[in-house]
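What follows is one structure encoded as structure tokens, with my remarks underneath.
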Amino acid sequence: MIKGCKICGIKDSGTLDYIINHPYPPKFIGFICNYPKSSRYVELNSLNKLLNVKKNKSEFVAVLVKPNNKILEEIKSLPFDYYQLYDCGPDEIKIIKQKYQKKIITALTIKDESDVLKYKSFVDVTDIYLFDSKGYEKSHSFDHNLIKNIKLNKESMLAGNIKFDDNLENYEKIANYIDLSGGLETSGLKDASKIDIFLKNLNRLKNET
């Protein structure tokens, strides 16, 4: 059952203000903290200013690709509720989780079923599993049916080329949360009209189930 969503790749205060104060705000808002290849990357000084807001009903997520100690120390005082970690092994995640006392979204990039089954290695360190494409900064897709029948003991999140106006019922039996970034953009920038349509559609679905 879909409980909510994550809107990822926020880099400007106007968009963040719009999302936080939307009548149906997302459960999670994600910020790209250490991956300059992404057009959605936010450098540290800008991140400090951007996050100096009231979160209201949303939780903040630091999106980190194999973070080193330097970036972890630099962001440790920022108001993140979750660290979303790519390319980290279970032992690395355990150390990060214990040291910084953050909840963890383990990002698994999926091409085939063997990638899906890697979730078993992260059972002890994960709060939420994110099943994403191999695209990283690009909005690639993968066969979402690959995760349809696995039995998880934690909540799950689904990303990978999902569009703002997709029929969200298609994801009802696959994940608890939907994660969008590029699907909410026009010409590389977050589009308030697409965000509004998506959040209203999600709220409608939640009220119907």
Side-chain angles (χ1 to χ4, degrees), residues 2-20 22 24-43 46-47 50-51 53 55-67 71 75 78-88 102-110 126-142 144 155-166 168 171 174-199 201-202:
I2 295 177
K3 298 180 178 180
C5 69
K6 175 159 75 70
I7 294 180
C8 198
I10 303 304
K11 57 185 294 187
D12 69 278
S13 58
T15 301
L16 181 58
D17 183 69
Y18 177 77
I19 292 172
I20 288 173
H22 194 276
Y24 314 114
K27 167 77 171 169
F28 308 102
I29 303 174
F31 304 85
I32 314 297
C33 295
N34 76 328
Y35 196 65
K37 288 183 184 179
S38 172
S39 61
R40 306 170 188 112
Y41 165 68
V42 186
E43 61 91 27
S46 299
L47 196 60
L50 187 61
L51 299 184
V53 293
K55 295 187 238 181
N56 293 344
K57 295 181 179 179
S58 298
E59 296 184 279
F60 285 178
V61 179
V63 179
L64 298 157
V65 179
K66 202 164 183 64
I71 186 65
I75 69 169
L78 294 177
F80 289 118
D81 303 284
Y82 285 78
Y83 285 175
Q84 176 177 314
L85 299 174
Y86 286 84
D87 299 346
C88 290
K102 301 293 182 182
K103 295 176 185 175
I104 300 296
I105 299 172
T106 297
L108 299 169
T109 57
I110 308 300
T126 294
D127 295 284
I128 299 173
Y129 291 103
L130 168 62
F131 295 96
D132 199 354
S133 72
K134 292 283 187 184
Y136 290 85
E137 75 275 13
K138 303 179 183 76
S139 294
H140 289 174
S141 59
F142 71 95
H144 294 150
E155 291 183 321
S156 62
M157 187 179 287
L158 182 67
N161 205 27
I162 300 171
K163 306 298 185 189
F164 75 98
D165 56 354
D166 278 357
L168 298 177
Y171 308 114
I174 300 177
N176 302 116
Y177 301 102
I178 303 295
D179 183 352
L180 269 75
S181 186
L184 298 173
E185 294 175 356
T186 300
S187 301
L189 298 174
K190 288 291 185 288
D191 185 324
S193 62
K194 290 182 177 180
I195 292 170
D196 185 52
I197 290 168
F198 171 67
L199 291 175
N201 284 344
L202 182 61

- Those residues that, when tested against Ser46, pass side-chain hydrogen bond (donor to acceptor under 3.5 Å, both in side chains) (two or more places apart): Glu43

- Query: So with a 6.0 Å cut-off around NZ of Lys57, is the heavy-atom count from everything else above 12?
  - Reply: no

- Message: Nearest 0.5 angstrom please: Asp179 CG to Ile128 CD1, how far?
- Response: 10.5 Å

- Message: For Ile32 and Cys8: C-alpha separation, side-chain torsions, deciding distance, then whether side chain to side chain contact (heavy atoms under 4.5 Å, CB included) applies.
- Response: CA-CA 8 Å; Ile32 314 297; Cys8 198; 4.0 Å; yes

- Message: Go through it in stages, so that I can follow the logic: the residues are Asp81 and Phe28, the test is side chain to side chain contact (heavy atoms under 4.5 Å, CB included), and I'd like the CA-CA distance, side-chain angles, deciding distance and then a yes or no.
- Response: CA-CA 9 Å; Asp81 303 284; Phe28 308 102; over 6 Å; no

- Min side-chain heavy-atom separation Lys27-Lys6 under 4.5 Å: no

- Query: Hey, what do you get for CG (Leu85) to CG (Leu108), rounding to the nearest 0.5 Å?
  - Reply: 11.0 Å

- Item | Closest non-hydrogen atom pair between Cys5 and Phe198, with its separation | SG-CE2, 3.6 Å

- Query: Which of these, Phe80, Phe31, Tyr83, sits in a ring-ring contact (aromatic ring centres under 6.0 Å, His included) with Phe60?
  - Reply: Phe31

- Message: The criterion is side-chain contact (heavy atoms from CB on, under 4.5 Å); which residues satisfy it with Thr186, sequence neighbours excluded?
- Response: Asp191, Lys194

- Between the OH atom in Tyr35 and the CG atom in Asp87, the distance rounded to the nearest 0.5 Å is 8.0 Å

- Task: Grab the two heavy atoms, one from Gly4 and one from Leu202, that are nearest each other, plus how far apart they are.
- Result: C-CD2, 3.7 Å

- Here the pair of heavy atoms bringing Ala159 nearest to Asp132 is CB-OD1, 3.5 Å

- Query: Which residues pass the side-chain hydrogen bond (donor to acceptor under 3.5 Å, both in side chains) test with Lys3, sequence neighbours left out?
  - Reply: Glu155

- Query: Can you tell me how far the OH atom of Tyr177 sits from the CD1 atom of Ile2, to the nearest 0.5 Å?
  - Reply: 11.5 Å

- Minimum heavy-atom separation for His144 to Leu158, with atom names? CD2-CD1, 3.4 Å

- Item | Contact summary for Ser58 and Pro25, nearest pair of heavy atoms | OG-CB, 3.8 Å

- Message: Please verify the inter-ring angle class for His22 with Tyr24; under 30° counts as parallel, over 60° as perpendicular, anything in between as tilted.
- Response: tilted

- Task: Any chance you could lay out the side chain to side chain contact (heavy atoms under 4.5 Å, CB included) test for Tyr86 and Val63, step after step, and finish with the verdict?
- Result: CA-CA 8 Å; Tyr86 286 84; Val63 179; 3.9 Å; yes

- Task: Would you please name every residue forming a ring pair (Phe, Tyr, Trp, His ring centres under 6.0 Å) with Tyr129, sequence neighbours left out?
- Result: Tyr119

- Message: Can you tell me how far apart CD (Gln84) and CE (Met157) are? Round to the nearest 0.5 Å.
- Response: 6.5 Å

- Message: Could you report the tightest heavy-atom contact between Leu47 and Cys33, atom names first, then the distance?
- Response: CD2-SG, 3.7 Å

- Does some side-chain heavy atom of Ile162 sit less than 4.5 Å from a side-chain heavy atom of Tyr171? yes

- Item | Candidate pair Leu199 and Ile7, rule side chain to side chain contact (heavy atoms under 4.5 Å, CB included), full reasoning | CA-CA 10 Å; Leu199 291 175; Ile7 294 180; 4.2 Å; yes

- Item | For Thr15, side-chain contact (heavy atoms from CB on, under 4.5 Å) partners two or more places apart | Ile10, Asp12, Ile19, Lys190, Ile195

- Rounded to the nearest 0.5 Å, what separation is found between the OG atom of Ser156 and the CD1 atom of Ile178? 8.5 Å

- Message: For the backbone of Ile104 and the side chain of Asp127, can you confirm whether one donor and one acceptor N or O come within less than 3.5 Å of each other?
- Response: yes

- Message: Suppose we screen for side-chain contact (heavy atoms from CB on, under 4.5 Å). Which residues come up paired with Asn34, at least two apart in sequence or across chains?
- Response: Leu64, Val65, Pro67, Ile71

